[in-house]
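Below is one structure, written out as structure tokens, with a few remarks after it.
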Amino acid sequence: MNPARRLPGFLSSTVLGLTGALGLLVYIAMGHGVEALWNPTGAVIVAGGIAVAALLAFRARELWAALSAFAAIFRDEDSISSDIEEVVAFARLYQRGQVQQAEAYGAKVKSPFLRLGLQLIADAAPVNDILHVMNWRIQKLIEQETVQARLFRTLAGLAPAFGLLATLVGLIGMMAQLGTATIAQVGEHMSVALVATLYGVVLANVVFKPIAIKLEQRTARRVAMLNVLLEGILLVRLGRSPTVVADALAEFVRERRDELHGAA
């Protein structure tokens, strides 16, 4: 990615989106009053119901992984430029026949995926075996991170349902007092009941669903990066020169706005 196009870390799209969501909620509250939009019973039912459903539907390990992934969406995905440099440096040693030095260098790289691939090259593993092992690692990453995104999509589906549940609870209470309540009291109870539905809709469409989309996009970027590294590993194993490896990987990571017309 062109560094000139990137926002500073503290101005990531996630932070800007959350700031905008907060501003929208403040605007709504100012128009109707904070008291009119606050319903403790509805908040407890919606939040508690979502928490209970998440605990029943997912394992504790998956919940913890999803929370960790949520923290990761506040920062831009790291570039693989340093990983590409490590592939090229390994290729230079490997082309010179310095297999032991190349193996020692590969064992020090930071990326576990790249480290495994370079170790397979040093072990002279067949290309098909390298493809099988590395594609399996990529598939495992997809499976793990898909669970994280699916968790937030599940919560996005549950939030409106629990908002409706809280609304029904409020309506039941209102109907129980219908014979003795005044019109003003009925309207007040109705307003309180409907606020719970608002909680569910806001949580689903402003919080959970955008997080799920962000995690899915993050997974797609990470898989694309791993595929680039895999191509580099295969080029080195096939004996391509370091210059060819560097040029090929640079072309893989180069971004174009229009692939058809070649606009950079």
Side-chain angles (χ1 to χ4, degrees), residues 9-10 12-29 34 36-78 112 136-174 191-226:
F10 63 91
S12 68
S13 61
T14 304
V15 174
L16 292 176
L18 289 176
T19 303
L22 180 60
L24 177 62
L25 294 176
V26 170
Y27 175 79
I28 295 174
V34 177
L37 297 178
W38 173 238
N39 181 357
T41 302
V44 170
I45 292 176
V46 173
I50 291 174
V52 170
L55 290 171
L56 291 174
F58 296 91
R59 294 177 295 178
R61 183 176 60 184
E62 294 170 342
L63 292 173
W64 182 253
L67 291 176
S68 300
F70 171 71
I73 69 175
F74 286 93
R75 58 179 182 273
D76 292 331
E77 191 64 39
D78 294 334
W136 180 83
R137 291 287 292 262
I138 293 175
Q139 186 60 37
K140 290 295 293 182
L141 173 73
I142 294 174
E143 292 174 359
Q144 292 172 358
E145 298 195 356
T146 298
V147 172
Q148 300 166 5
R150 187 169 65 244
L151 183 146
F152 286 102
R153 283 204 174 273
T154 301
L155 297 184
L158 292 173
F162 283 108
L164 179 59
L165 174 61
T167 297
L168 292 175
V169 172
L171 291 177
I172 291 172
M174 183 193 70
S191 174
V192 170
L194 293 178
V195 165
T197 301
L198 174 66
Y199 294 163
V201 171
V202 169
L203 286 175
N205 296 284
V206 180
V207 180
F208 295 135
K209 194 175 293 184
I211 291 175
I213 295 173
K214 180 78 78 170
L215 290 177
E216 290 166 352
Q217 293 174 339
R218 176 175 178 266
T219 298
R221 289 194 302 270
R222 286 159 63 83
V223 169
M225 291 178 181
L226 291 181

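Since the model is a prediction, treat every value here as computed from it, not as a measurement.
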Pairwise distance CD(Gln148) to CD1(Ile211) - rounded to 0.5 angstrom: 12.0 Å

Return a table of donor-acceptor pairs under 3.5 angstrom between the side chains of residues 41-57 and protein atoms on other chains or two or more places apart.
none

Contact summary for Pro210 and Ala204, nearest pair of heavy atoms: CD-O, 4.1 Å

Spatial distance of atom CG (Leu151) from atom CZ (Phe70) [nearest 0.5 Å]: 12.0 Å

Separation of Thr219 OG1 from Leu226 CG (nearest 0.5 Å): 10.5 Å

Side-chain heavy-atom pair Leu203, Phe162 within 4.5 angstrom cut-off: no

With sequence neighbours excluded, residues passing side chain to side chain contact (heavy atoms under 4.5 Å, CB included) with Pro112: Arg115, Arg137

Partner residues of Glu145 under the salt bridge (Lys or Arg N to Asp or Glu O under 4.0 Å) criterion, sequence neighbours left out: Arg218, Arg222

Residues that Arg61 engages under salt bridge (Lys or Arg N to Asp or Glu O under 4.0 Å), provided they are two or more places apart: none

4.5 Å side-chain heavy-atom contact, Thr167 and Leu171: yes

Arg153: salt bridge (Lys or Arg N to Asp or Glu O under 4.0 Å) partners, not counting sequence neighbours: Glu216

Pairs involving residues 45-60, ordered by first then second residue, that meet salt bridge (Lys or Arg N to Asp or Glu O under 4.0 Å) (sequence neighbours left out): Arg59-Glu62

